[in-house]
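Just below is one structure, and these are the notes that go with it.
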4 protein chains.
Amino acid sequence: MKKKLPRREREKLRHRTEMLATALDLFSEKGYHNVSMHEIAEKAEFAIGTLYKFFKNKEDLYKALIMAKAGEYHRILSDVLSEKNDVQTTLKDYISAKAKIFADSVPTLRLYFAETHGASFNIKAGLDQDIGKLYEKLVKQLTSVLERGIRSKVLRELDPYYMAVALEGLTNSFLFCWLEDPDRHPYEANVPVITDMFLNGVLR
Amino acid sequence: MKKKLPRREREKLRHRTEMLATALDLFSEKGYHNVSMHEIAEKAEFAIGTLYKFFKNKEDLYKALIMAKAGEYHRILSDVLSEKNDVQTTLKDYISAKAKIFADSVPTLRLYFAETHGASFNIKAGLDQDIGKLYEKLVKQLTSVLERGIRSKVLRELDPYYMAVALEGLTNSFLFCWLEDPDRHPYEANVPVITDMFLNGVLR
Amino acid sequence: MKKKLPRREREKLRHRTEMLATALDLFSEKGYHNVSMHEIAEKAEFAIGTLYKFFKNKEDLYKALIMAKAGEYHRILSDVLSEKNDVQTTLKDYISAKAKIFADSVPTLRLYFAETHGASFNIKAGLDQDIGKLYEKLVKQLTSVLERGIRSKVLRELDPYYMAVALEGLTNSFLFCWLEDPDRHPYEANVPVITDMFLNGVLR
Amino acid sequence: MKKKLPRREREKLRHRTEMLATALDLFSEKGYHNVSMHEIAEKAEFAIGTLYKFFKNKEDLYKALIMAKAGEYHRILSDVLSEKNDVQTTLKDYISAKAKIFADSVPTLRLYFAETHGASFNIKAGLDQDIGKLYEKLVKQLTSVLERGIRSKVLRELDPYYMAVALEGLTNSFLFCWLEDPDRHPYEANVPVITDMFLNGVLR
DNA sequence: CATGAATGAGGGTTCATTCAT
DNA sequence: AATGAATGAACCCTCATTCAT
């Protein structure tokens, strides 16, 4: 039973979604500061005033955009981490999930990294905080998965938080590779490589 | 005997250096687009016109800044990678060197990541190319060190390029940690952790 | 019935016209380079941004100004030259028309001469070409009128193009006189003098 | 006995002349407002400070330039008008002299017209007045030559001032022609045409 | 006396945001 | 509710001019 929204409301939501999609495209392509509100409004085929009816200013629009996408992604990854498999499987699934997510949406990826990796210092405001919390939550979940692995004697007795940090670094690094040259460095094909390297290290 | 420069020239160089330092501080704190040339000039205590005598425009100033720092860092790391130690030592030294470098200059670190990790898509133009080449060179060097490790049967027979990518991801990830909370996550203290994790993996 | 334009459009047009009028006054009084866009906006009682909504830059505004006026004048003169009277009458009418036109608008006159007589080398760009063509067309028409006069044995067998050049010089020269001291040298009153001198020369 | 100037003075004069020559080239090519003092200094191979030792500001330099050239030209034309030949000869000589002068120096010609024909409203200041006086003097001389022609019954009983105006218009008009396309409309070759048209008119 | 580094007012232009219709 | 004309602060940059060396 989802259709409780009156038509008016549904229309509004659709408009909002269109605006966000257009903004994502433009921001991702040209960067926050090189996209004007007029440009967004025009490409989304709305009047500038209408855009401002939906988002109180440019920053707000940007924040809404990032938070929507980040929420979506983190939910997916969170789900993977919540499944009660053995640790090795969970980690492999996590690495794969990250691959699938980003393969779907390159534009978002760029913004996501800009935000989660401090490059966002370009854009003002409390975004850092909000998205930071979201990210922190994910890392915590990952940490507790790894903790479980340690307790079950599958993983070594290293700081599980730092293990999580390491895994994030590993996967992101390969994602950058893929972003720069998707054909030469297909992320998905490298999932086993990443997993293997993480689990076994590089030493013979 | 370096003082062959006439005093006028030395003064000029000092002024240039001061301007660059001020710009670094501001860019690092607020981001390229949120810093105006007037702001830089004022904080550096020069007239706006003087700033433009030294750098033909804002982008040029930014580029000079980035390239100077990036050049410096890459040289240091390159030196470490060139020393003819056994692979394990070299890698440990590399990880340490990265730590020392960045411990010296947080502001630069932020810009450096913004540039080498694509968050720079905010700033236009040829910078990507120039700094990209520099970075590529470094990764290549790292790759050849790892190759050596493989040939000498110290490292496993994995793609050495991907090993390098992994190591970069690992170290950067810990650097971010440190950037966010230097006291709780001292990078230098973690050098052994990183090295160990990279070499041995996390599996028991 | 011309009022098919919606009120909004009519207002816009009126605003544009006001801006152009203000710009004409200022340019004519002080010269292109000594008038700032801010000055124009302020005198026209619009915000600077509004000015830029109508004209994409200063040069564009200037060009719009010149071309509008030049088009108008050349059309009037062209009409006179097209009427099928005998040559002498046509020439007299032409000289008179020039008088009437310019008597109406001294400011424009200044700009017009600046542009048609090369003083415009101060302002860049394609204007020269556009207005040049317009002027050329006019001179051609004048030439063909004079040619007709020659064929009908009313005028001497001189190069008709040079005759046209001579007539232009004659009239413009008197216009300058008038511009400098309108009371002492009323152009209109001199129309017979000019006509007579052109037709009969000064020799007894 | 001209060498009374000490060497220092002579050098200074030479420098001044070089500066003026460079400025003339640049102004003529690009227009007053599109040439910077630095540009002049650099092209003349002097320091900017030196330029300012010779001319107290840009306007002053421009004025010095114009006045020097205008003075020179007007002197030549004045000499022609002072010779005691019959009117027709004098007029023909005058037209020829104008040709010779300008053939020598196209750059100056452009500036000269900009100044004597009101296009100079671009540049501020008292120049108008000074050069205006010079020009007025010339026209007066021309007028008195024509007056003489009338008194001696060679010329018709028209207002001699207006005759002068007419002659100026005629010659200038042909000069413009020549400026635009020197090959197709050689001024010198047209001296007889101009003279003839002025004296005899175009009527059969 | 020549030099050229330094100055800063002022110019052209953009764009986030408002508000009358 | 939707529109888009109007706004003006703020930006990047130029260049005439000064003055310590």
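First the proteins, then the strands, lettered A, B, ... as listed; each starts at 1.
Every residue meeting the side-chain contact (heavy atoms from CB on, under 4.5 Å) condition with B:E11, not counting sequence neighbours, appears here in chain and number order: B:R7, B:R14, B:H15. Partners of D:E42 according to the salt bridge (charged side-chain N to carboxylate O under 4.0 Å, His left out) rule, which considers only residues two or more places apart in sequence or in another chain, do not exist here.
Distance, C:L13 CG to F:dA5 C1': 15 Å, rounded to whole Å. As rounded to whole Å, 17 Å separates atom C1' of E:dA6 from atom CZ of B:R16. Distance NZ (C:K30) to P (E:dG10): 12 Å, rounded to an integer number of Å. C:F54 places its CZ atom 11 Å from the C1' atom of F:dG4, with the value rounded to the nearest Å. Counting to the nearest Å, the C1' atom of E:dA16 and the OH atom of A:Y62 are 17 Å from each other. Counting to the nearest Å, the C1' atom of F:dT14 and the CG atom of B:L51 are 13 Å from each other.
Summarising the geometry, atom CG belonging to A:L24 is positioned 6.0 Å from atom NZ belonging to A:K69; distances are rounded to the nearest 0.5 Å.
In this structure, D:E18 and D:F46 have side chains that are in contact, with non-hydrogen atoms separated by less than 4.5 Å. With a 4.5 Å cut-off on side-chain heavy atoms, C:H33 and D:N34 count as touching.
Residues C:L65 and C:L20 approach most closely at CD1-O, 3.4 Å, considering heavy atoms. Annotation for C:T22 and C:I40: closest pair CG2-O, 3.8 Å, computed over non-hydrogen atoms.
For residues 39-47 of chain C, proximity to DNA chain F is found at C:F46, C:A47, defined as any non-hydrogen atom under 4.0 angstrom from a strand atom.
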Task: Base-contact (B) and sugar-phosphate-only (S) positions in nucleotides 15-21 of chain F, heavy-atom cut-off under 4.0 Å, - elsewhere - done: BSBB--S

For residues 47-57 of chain B, tabulate all N or O donor-acceptor pairs below 3.5 Å that involve a side-chain atom, not counting sequence neighbours.
residue, atom, partner, partner atom, Å
B:N57, OD1, B:E59, N, 3.2
B:N57, OD1, B:D60, N, 2.8

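Contact annotation: B:H15 side-chain N/O to E:dA6 OP1/OP2 distance is under 4.0 Å.
Nucleic acid contact class of D:F55 (heavy atoms, under 4.0 Å, all strands): none.
At most 12 non-hydrogen atoms from other residues, nucleotides or ligands lie less than 6.0 angstrom from CD of D:E45.
Helical stems involving DNA chain E, defined as 3 or more consecutive Watson-Crick or G-U pairs under 3.5 Å, span E:2-21 with F:2-21.
Under the 30°/60° scheme for interplanar angles, the aromatic rings of C:F27 and C:Y62 are found to stand perpendicular.
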TODO: Kindly indicate, with the supporting measurements, whether the criterion side chain to side chain contact (heavy atoms under 4.5 Å, CB included) is fulfilled by C:M19 and C:R16.
DONE: CA-CA 5 Å; C:M19 287 171 186; C:R16 197 188 132 98; 5.6 Å; no

